[in-house]
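Scroll down for the structure; my scribbles are underneath it.
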2 protein chains.
Amino acid sequence: MNKKSLVEQTEKKLLAYLNEADTKAGSPFPTEKELGEELGVSRTVVREALNRLKAMGIIDSRTNRGSVVASPDILHLMEKAIVPQILDQETLKEIFELRLVLEVGMSDLVFMRTTRTDLVELHKIVEEESEKNGSIFDVDHEVAFHGKLYELTGNSTLSRLQSLLLPSFQYVYDNHLIQHSEDTAFMSHKDLIHELENGTAESFRNGMRKHLENHYSRLFAS
Amino acid sequence: MNKKSLVEQTEKKLLAYLNEADTKAGSPFPTEKELGEELGVSRTVVREALNRLKAMGIIDSRTNRGSVVASPDILHLMEKAIVPQILDQETLKEIFELRLVLEVGMSDLVFMRTTRTDLVELHKIVEEESEKNGSIFDVDHEVAFHGKLYELTGNSTLSRLQSLLLPSFQYVYDNHLIQHSEDTAFMSHKDLIHELENGTAESFRNGMRKHLENHYSRLFAS
DNA sequence: TAATTTGATATATCATACAAATATGTAGAT
DNA sequence: ATCTACATATTTGTATGATATATCAAATTA
């Protein structure tokens with residue numbers, strides 16, 4: 001009784017075809033007419049199915065040139081699909097956890113790849129931070145500092161993943177879904193930089209974990 | 001020269017509308033006819049644009065009920081799209097790094113959420129591991145053990161991200177892009193479980209980092 | 001009141017037509 | 001024989017109308 005729509009079925013068949021066939025980027029695709037006859041559906045349905053693949057960046061099409069297999073950029077896909085406002089609470093929470101996981105986990109990459117020049121920039125960010133409002137929690141500064149850290153990993157996939165998830169964090173903060181307790185940020189940004197300069201990979205990693213302690217404790221409290 | 005197709009333009013407008021409007025899951029969407037009149041395009045174009053949103057899981061539609069905003073699954077897209085993808089070396093490397101980042105970073109989640117029952121299962125996995133081939137590196141065991149850890153985070157987004165990236169790891173292993181040095185995996189799976197049972201969150205985290213030392217050192221060597 | 005029928009409405013699919021872009025074939029000039 | 005200009009065919013892009021199907025809501029009936 002599982003009667004998915006024709007379009008969905010067709011889309012599935014097309015994806016299956018892509019998997020079976022020895023396709024690589026640039027491989028040609030049958031014409032809409034052929035596909036329609038082959039699969040026994042109208043051209044409309046074929047078109048809609050193809051459209052979905054196009055939306056996902058799996059194929060490209062141009063007038064009269066037919067469709068060809070493309071090499072999709074997965075992260076770009078996610079960028080389009082993420083509309084923070086319509087993500088449910090549970091997903092937002094998981095994304096927030098993912099952020100914590102990423103930041104603690106990337107410590108080693110940051111530690112190994114940070115150069116002297118990078119340290120200067122980090123210091124600058126922290127100073128601007130303390131100039132303005134010393135105690136009040138500011139999302140922009142938070143983003144500036146941590147965003148820089150992502151950048152320092154030298155891993156563009158990781159970095160893009162962060163900017164991808166950023167709107168969700170923003171949303172979480174804006175709606176006070178996660179409140180920042182300002183009492184004792186035992187490990188400040190300044191302290192973190194200090195570890196980065198004088199500590200070890202391990203001490204920096206554990207320092208990062210401490211820096212995020214507020215978030216973690218709230219996570220495990222609920 | 002913004003000569004994108006009408007469908008793409010329309011899709012963009014619809015997404016913009018979603019971002020502007022105060023939409024949440026379940027919010028109704030104008031009918032195809034209305035949208036067509038509003039945007040000055042035919043119903044065909046509207047349908048194809050809506051179809052794309054449907055493919056991305058951003059909206060749901062059922063006959064006569066119109067379309068409603070859905071709570072999209074951010075990974076769903078990637079899961080569908082990653083199949084035929086041909087990743088270049090650089091991206092593969094970055095994905096591998098991402099794995100390391102995730103596994104070290106998720107240590108705290110694992111540590112806090114692992115139950116006694118989970119420990120039993122982990123022990124079982126490790127024993128099956130040592131029964132077969134004690135010294136030879138086996139991808140399946142690796143996946144079984146680490147996959148279990150992801151599961152223990154209780155974060156389904158994280159867990160799915162792993163299974164999503166898995167094919168890439170497999171590829172990396174298969175092509176010996178990253179060779180596993182079998183000499184002294186100082187921190188074995190068994191040792192890790194021991195930390196999980198008797199250690200602290202920090203010791204487990206650092207143990208996980210040690211366990212992945214081989215990969216890390218190879219990473220930083222090149 | 002509860003169940004059923006009916007009607008209105010919106011999406012799902014089909015069929016067709018034409019427009020626009022591109023590839024291909026053809027004729028003529030050189 | 002080769003090149004160019006033009007005509008033709010092919011394929012996707014867009015538009016329109018028609019029919020099928022599912023759903024809700026109102027009307028009807030028991």
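Reminder, nothing fancy here: chain letters follow the sequence lines and each chain counts from 1.
- Scanning all heavy atoms of the two residues, the minimum distance from A/Ala49 to A/Glu11 falls at CB-N, 3.8 Å.
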Contact list (N/O, under 3.5 angstrom) for nucleotides 21-25 of chain D vs protein:
from	atom 1	to	atom 2	distance (Å)
D/dA22	O4'	B/Thr63	OG1	3.0
D/dA22	O3'	B/Thr63	OG1	3.4
D/dT23	O2	B/Asn64	ND2	2.3
D/dC24	OP1	B/Arg65	NH1	3.3

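- Residue-to-nucleotide proximity on DNA chain C shows that, of B/Leu50 and A/Val45, the 5′-proximal contact is made by B/Leu50.
- A/Gly154 and B/Glu94 get closest at one heavy-atom pair: O-OE2, 4.0 Å.
- As a whole-Å value, the separation of B/Gln9 CD from D/dT14 C1' is 13 Å.
- The shortest distance between side-chain heavy atoms of A/Met208 and A/Met187 does not fall below 4.5 Å.
- Taking atom CZ of B/Arg47 as the reference point, atom P of D/dT16 lies 16 Å away to the nearest angstrom.
- Looking at heavy-atom distances under 4.0 Å, B/Thr44 makes contact with a base.
- C/dT13 atom C1' lies 12 Å from atom CD of B/Glu32, rounded to whole Å.
- As a whole-Å value, the separation of A/Ile59 CD1 from D/dG13 C1' is 14 Å.
- Whole-Å rounding puts the A/Leu35 CG to D/dT11 C1' distance at 12 Å.
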>> Walk me through whether B/Glu97 and A/Leu158 qualify under side-chain contact (heavy atoms from CB on, under 4.5 Å).
In response: CA-CA 9 Å; B/Glu97 285 184 7; A/Leu158 188 53; over 6 Å; no
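- In this structure, B/Lys54 places its NZ atom 12 Å from C1' of C/dT13, rounding to the nearest Å.
- Each of B/His146, B/His215, B/Arg209 was scored for a side chain to side chain contact (heavy atoms under 4.5 Å, CB included) with B/Glu103, with one residue passing: B/His146.
- With rounding to whole Å, A/Leu53 atom CG is found 13 Å from D/dT12 atom P.
- No hydrogens or angles were tested; on distance alone, a donor-acceptor pair under 3.5 Å links the side chain of A/Arg43 to the base of D/dG13.
- Following rounding to the nearest Å, A/Glu48 (CD) and D/dG13 (P) show an atom-to-atom distance of 13 Å.
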